[in-house]
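There's a structure below that I have some questions on.
Residue numbers count from 1 along this sequence. These figures come from a predicted structure and were not determined experimentally. Both ligands and their constituent atoms are indexed starting at 1 by order of listing.
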Amino acid sequence: MKIAFHPSFIHPLPQNHRFPMEKYQKLKNFCDRIFEQNKDVWITPNPMKEEWIKSTHSEQYIEKLQKGTLEKLEERKIGFPWSAQLWERERRIVQGTWELIQYAYENQSFGVNIAGGTHHAFADKGEGFCLLNDLAIGANLGVLAGLTRILILDLDVHQGNGTASILRDNPHCFTFSMHAEKTYPLRKEKSDLDRAFAPGTKDDEYLQTLEEHLPLLMHEIKPELILYNAGADILEGDDVGTLQITLEGCRKRDELVYKNAASNGIPTVTTMGGGYQKNLTPILQAHENTILEACKWEPLMKK
Ligand SMILES: [Zn+2]
């Protein structure tokens with residue numbers, strides 16, 4: 001098990017921004033507590049090299065991000081003001097996901113990125129707090145390294161629109177997104193498989209859908225690698241999520257994913273995804289549960 005983190009993940013942003021950046025430090029502290037002196041658990045990613053980012057994003061877009069020449073409208077769609085620090089942060093996040101993929105695959109293990117899940121970034125534009133798409137870059141680099149069956153399991157409340165768009169014609173990657181019907185992005189892309197839920201959907205329906213699909217995906221795709229986006233914005237009380245999944249339901253979601261992955265021996269890399277509530281406590285609890293469930297199920301990989 002490895003966890004990716006770098007201090008730049010906690011990028012200083014203007015106050016009152018609705019993106020809960022402080023959760024990353026708190027999650028790092030939580031991991032320090034549960035892993036105690038095990039320094040081996042950490043991956044500290046450098047910024048990803050530009051040539052690797054080019055596996056997925058257009059040269060023109062990368063140049064804008066490098067030079068800080070995004071149009072005002074482009075910047076507004078991303079939701080973060082551009083800065084050199086932000087550009088560094090993004091490159092370290094995508095590198096973190098990629099290093100975890102390599103580690104998980106080589107060691108038949110699990111990896112968790114404390115940030116990431118930037119699934120709204122398209123090849124040539126960013127949206128919804130996402131500049132570079134770590135899931136798509138990781139999948140593309142994985143395919144370049146020889147993987148032929150990668151499952152992107154996107155259980156953030158928002159559709160993985162950028163990932164679906166980038167990987168649409170990639171025969172080696174299968175995108176599955178379970179998301180809320182009536183929230184951003186209102187114009188959905190087409191994943192290989194989409195399941196959209198009505199506002200107010202509760203645990204039973206949500207978990208039953210997941211429980212039905214996971215064994216089918218394991219059987220039909222036979223993934224060599226799973227990239228799991230574990231957004232906490234499916235929780236009831238989320239400002240934008242519209243679903244009513246309890247904390248326990250969210251934990252069961254993670255359990256279902258890791259149980260299916262581990263019992264089939266599939267290396268799995270998790271990204272934290274979204275979570276938007278004024279009260280940070282439920283978001284943190286959901287993310288902490290994700291890490292705990294990953295720790296609980298990962299030993300099954302070795303058997
Ligand atoms: Zn989200």
His158, N/O/S atom nearest the Zn ion (ligand 1) =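 Checking each N, O and S atom of His158, the shortest distance to the Zn ion (ligand 1) belongs to ND1.
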Min side-chain heavy-atom separation Glu90-Leu65 under 4.5 Å =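 Answer no - side chains too far apart.
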Asp156: which N/O/S atom is nearest the Zn ion (ligand 1)?
->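 For Asp156, the N, O or S atom at the smallest distance from the Zn ion (ligand 1) is OD1.
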Going by the salt bridge (charged side-chain N to carboxylate O under 4.0 Å, His left out) test, which pairs reach into residues 264-280, not counting sequence neighbours?
->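 Only Asp239-Lys278 qualify under salt bridge (charged side-chain N to carboxylate O under 4.0 Å, His left out).
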When the ring centroid of His120 is compared with that of Tyr184, is the distance short of 6.0 Å?
-> yes
For Asp233, the N, O or S atom at the shortest distance from the Zn ion (ligand 1) is OD2
In Glu74, Glu75, Glu71, the residue satisfying salt bridge (Lys or Arg N to Asp or Glu O under 4.0 Å) with Lys64 is Glu74
Metal proximity, His119 vs the Zn ion (ligand 1), N/O/S cut-off 2.8 Å | no
